[in-house]
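For reference, the structure discussed in these notes is given below.
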Amino acid sequence: MERRSFIKKAAVGAAAGAVAAPALAQSQPTINWRLASSFPKSLDTIFGAADILTKRVSELTGGKFNIRSFAAGEIVPGLQVLDAVQAGTVEIGHSASYYYFGKDATFAFDCAVPFGLTSRQHTAWYQEGGGRELTRNFFKGYGIVNFLGGNSGTQMGGWFRKEIKSVADLKGTKMRVGGFAGKVLERLGLVPQQLAGGDIYPALEKGTIDAAEWVGPYDDEKLGFYKVAPYYYAPGWWEAGASFSFYVGIKEWEKLPKEYQAALECATYEAHIGMQAEYDAKNPAALARLMKNGVKLRTFSKDIMDGCYKAAQDVMNEEAAKNAKFKTIYEPWKRFRQDQNMWASVSEAAMLDYMIKAGRK
């Protein structure tokens, strides 16, 4: 019911923008917001989601509702975007919720948890599987309304200075990896480091860290990790479909005219879909270029994957046992994941498995 209502409102808002923009412009107030992003402008695919949002909101409101986007560090550091929205420093932010894992592990569900949902599955969970209601109830406690804001798809497992063949090889490795993944890998002896995107390369270059994960070939190529860490691993089991989000202060959201609310929510969906499409289109060519530059592509061994899977289940079950907010989302989320994986095994996964093997003949 909520989804059908939103689509009707969005359609009405879009029609108003296309057919009667002058009338809307005359009858509605001029509103100017600032958006703080957790990402640098050089990462055009992730930061680009904010650009899509600001452009479409302005178009849908006849230029009366304007949002100006700022890259990480221009207003606040990349890892402080949620705090800036909560404090009212900016009206809206674009970030990844697992950056705030240290506040409460429950934040991670809005982005990604180890061995979690793919991009399509996460969108289905948010839109139709109760995810929106569950996460919004959680964010309400922080004075924030959350919206879908893009997805990277399944990410890569990161860049390493040396080959990692077994769980034993992880011990003592200092790796830039955030949120839940860091806690899981810590169980296996790895030393997690939390760094914003722009700080990763200098740390790798100086040897402050031994390994780092970011997103995937297109972004990783831009950041130049291959120049200092030649081994590139897959898959990023901690980010099967990392979903980014727009965060709006509840007080600011409630001030908006209904037409502006509809325009904003409609624009978040465009930004969400646009990011995933762009990554899917650009990653294959980027990976091919990386391989030509001598990158050594590897997949994590079964020993590592099995060890990480077990550690992940242990960590999440322990968190659910002590954190009621986490458990409230984890239990229905886990059931949704099980159903989705069962369906995928006989549909998309089966088809892809055949097509990949057939293409190699």
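What you are looking at is a predicted structure, and each value in this text was computed from that prediction instead of being measured. The figures here come from the full heavy-atom set of this structure, side chains too, leaving out hydrogens, waters and symmetry mates.
Legend: residues meeting side chain to side chain donor-acceptor pair (under 3.5 Å) with S58, ordered by chain and number and at least two apart, are N66. With sequence neighbours excluded, no residue forms a salt bridge (charged side-chain N to carboxylate O under 4.0 Å, His left out) with K171. Considering only residues two or more places apart in sequence or on other chains, F109 meets the ring-ring contact (aromatic ring centres under 6.0 Å, His included) condition with F326, W333.
The two residues F180 and P114 come nearest to each other via the heavy atoms CB-CD, 3.3 Å.
Put simply, V228 and M291 are part of the same group of oily side chains (I, L, V, M, F, W, Y) that touch within less than 4.5 Å, one to the next. I52 is not connected to M275 by any chain of hydrophobic side-chain contacts under 4.5 Å among Ile, Leu, Val, Met, Phe, Trp and Tyr, and they are in different clusters. Tracing side-chain contacts under 4.5 Å through hydrophobic residues (I, L, V, M, F, W, Y), one reaches L43 starting from L290; they form part of the same cluster. Transitive grouping of hydrophobic side chains (ILVMFWY, heavy atoms separated by less than 4.5 Å) brings L287 and I46 into a common cluster. Hydrophobic clustering places M316 together with M305 (ILVMFWY residues linked when any side-chain heavy atoms are closer than 4.5 Å, directly or through intermediates).
No salt bridge links R132 with D110; every basic N to acidic carboxylate O contact stays at or beyond 4.0 Å. Comment: R176 does not engage D199 in a salt bridge, judged by the lack of any side-chain N to carboxylate O separation of less than 4.0 angstrom. Taking the charged nitrogens against the carboxylate oxygens, K302 and D306 do have a contact shorter than 4.0 Å, which makes a salt bridge. K55 has a carboxylate O that lies under 4.0 Å from a charged side-chain N of E59, or vice versa, which qualifies the two as a salt bridge. Ion pairing of K183 with E319 is present here, as a side-chain N (NZ or NE/NH1/NH2) and a carboxylate O approach within less than 4.0 Å.
For F39 and F244, the ring centers sit closer than 6.0 Å to each other. Under the 6.0 Å cut-off for aromatic ring centres, Y226 and Y232 do not qualify, their centroids lying 6.0 Å or more apart. Note: Y201 and W214 fail the aromatic proximity criterion, with ring centroids not under 6.0 Å apart.
With rounding to the nearest 0.5 angstrom, the CG atom of L195 is 11.5 Å from the CE atom of M175. In this structure, CZ on F225 lies 12.5 Å from CE on M156, to the nearest 0.5 angstrom. The distance from atom CD of E163 to atom CG of D169, rounded to the nearest 0.5 Å, is 9.0 Å. Separating the OH atom in Y247 from the CD1 atom in I144 is a distance of 7.5 Å, to the nearest 0.5 Å. The distance from atom NE2 of H122 to atom CG of L148, rounded to the nearest 0.5 Å, is 6.0 Å. Expressed to the nearest 0.5 Å, how far CD1 of I209 lies from OG1 of T173 amounts to 11.5 Å.
Two residues are said to be in side-chain contact when any heavy atoms from C-beta on lie closer than 4.5 Å; F246 and L35 meet this criterion. A heavy-atom distance below 4.5 Å is found between the side chains of C308 and F115. In this structure the side chain of Y218 never reaches within 4.5 angstrom of the side chain of D220, judged on heavy atoms. Side-chain contact between F139 and V145 is absent, with no heavy-atom pair separated by less than 4.5 Å. N323 has its side chain out of reach of Y330: every pair of non-hydrogen atoms, C-beta onward, lies at least 4.5 Å apart. Within the 4.5 Å cutoff, the side chain of F160 has no heavy atoms near those of the D210 side chain. Looking at R68 and N32, their side chains never come closer than 4.5 Å, going by heavy atoms from C-beta outward. The side-chain heavy atoms of K325 and D104, taken from C-beta on, include a pair separated by under 4.5 Å.
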Check against side chain to side chain contact (heavy atoms under 4.5 Å, CB included), Q80 and Q86: CA-CA 10 Å; Q80 294 178 20; Q86 188 180 11; over 6 Å; no
Evaluation steps, side chain to side chain contact (heavy atoms under 4.5 Å, CB included), between F138 and T328: CA-CA 10 Å; F138 172 72; T328 296; over 6 Å; no
Is there a salt bridge (charged side-chain N to carboxylate O under 4.0 Å, His left out) between K310 and D314 once you walk through the steps? CA-CA 6 Å; K310 183 182 183 305; D314 290 344; 3.0 Å; yes
Evaluate the side chain to side chain donor-acceptor pair (under 3.5 Å) criterion for residues D83 and Y142: first the C-alpha distance (whole Å), next the side-chain angles of each, then the deciding distance (0.1 Å), finally the verdict. CA-CA 9 Å; D83 303 290; Y142 291 84; over 6 Å; no
Full working for salt bridge (charged side-chain N to carboxylate O under 4.0 Å, His left out) between K282 and E278: CA-CA 6 Å; K282 292 180 175 179; E278 194 169 354; 2.5 Å; yes
Please step through ring pair (Phe, Tyr, Trp, His ring centres under 6.0 Å) for the pair W33 and F65, ending with a clear verdict. CA-CA 8 Å; W33 276 11; F65 183 12; 5.0 Å; yes
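Inspection of the N146 and S245 side chains reveals no N or O donor paired with an N or O acceptor under 3.5 Å. If you check the side chains of D303 and S166, you find no donor sitting under 3.5 Å from an acceptor. Side-chain contact annotation: K64 with T30, donor-acceptor N/O pair under 3.5 Å present. Using modelled atom types, one finds a donor on one side chain and an acceptor on the other under 3.5 Å when comparing D280 with Q276. Side-chain N/O atoms of Y279 and D219 include a donor and acceptor closer than 3.5 Å.
For the pair R136 and F147, the cation-pi test (distance below 6.0 Å, angle within 45°) is passed.
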Expected list for residues 88-102: side-chain donor-acceptor pairs under 3.5 angstrom, two or more places apart:
from	atom 1	to	atom 2	distance (Å)
E91	OE1	R34	N	2.8
H94	NE2	G149	O	2.9
S95	OG	S38	OG	2.7
S95	OG	Y100	OH	2.7
S97	OG	F107	O	2.5
S97	OG	C111	N	3.1
Y98	OH	E239	OE2	2.0
Y100	OH	L82	N	3.3

Check residues 184-192 and write down every donor-acceptor pair under 3.5 Å in which the side-chain atom is one partner and the other belongs to a residue at least two apart or another chain.
from	atom 1	to	atom 2	distance (Å)
R187	NH1	E318	OE2	3.4
R187	NH2	E318	OE1	2.4

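In terms of modelled atom types and a separation under 3.5 Å, the side chain of S152 and the main chain of Q155 share no donor-acceptor contact. No donor-acceptor pair closer than 3.5 Å links the side chain of S37 to the backbone N or O of A71. In this structure, N317 contributes its side chain and Q313 its backbone to a donor-acceptor pair below 3.5 Å.
The list of side-chain hydrogen bond (donor to acceptor under 3.5 Å, both in side chains) pairs with a residue in residues 334-344, not counting sequence neighbours, reads Q121-N341.
In the displayed structure, R120 atom CZ is contacted under 6.0 Å by at most 12 heavy atoms of other residues, nucleotides or ligands.
Relative ring orientation between Y233 and Y231 is described as tilted, the plane-to-plane angle lying within the 30° to 60° band.
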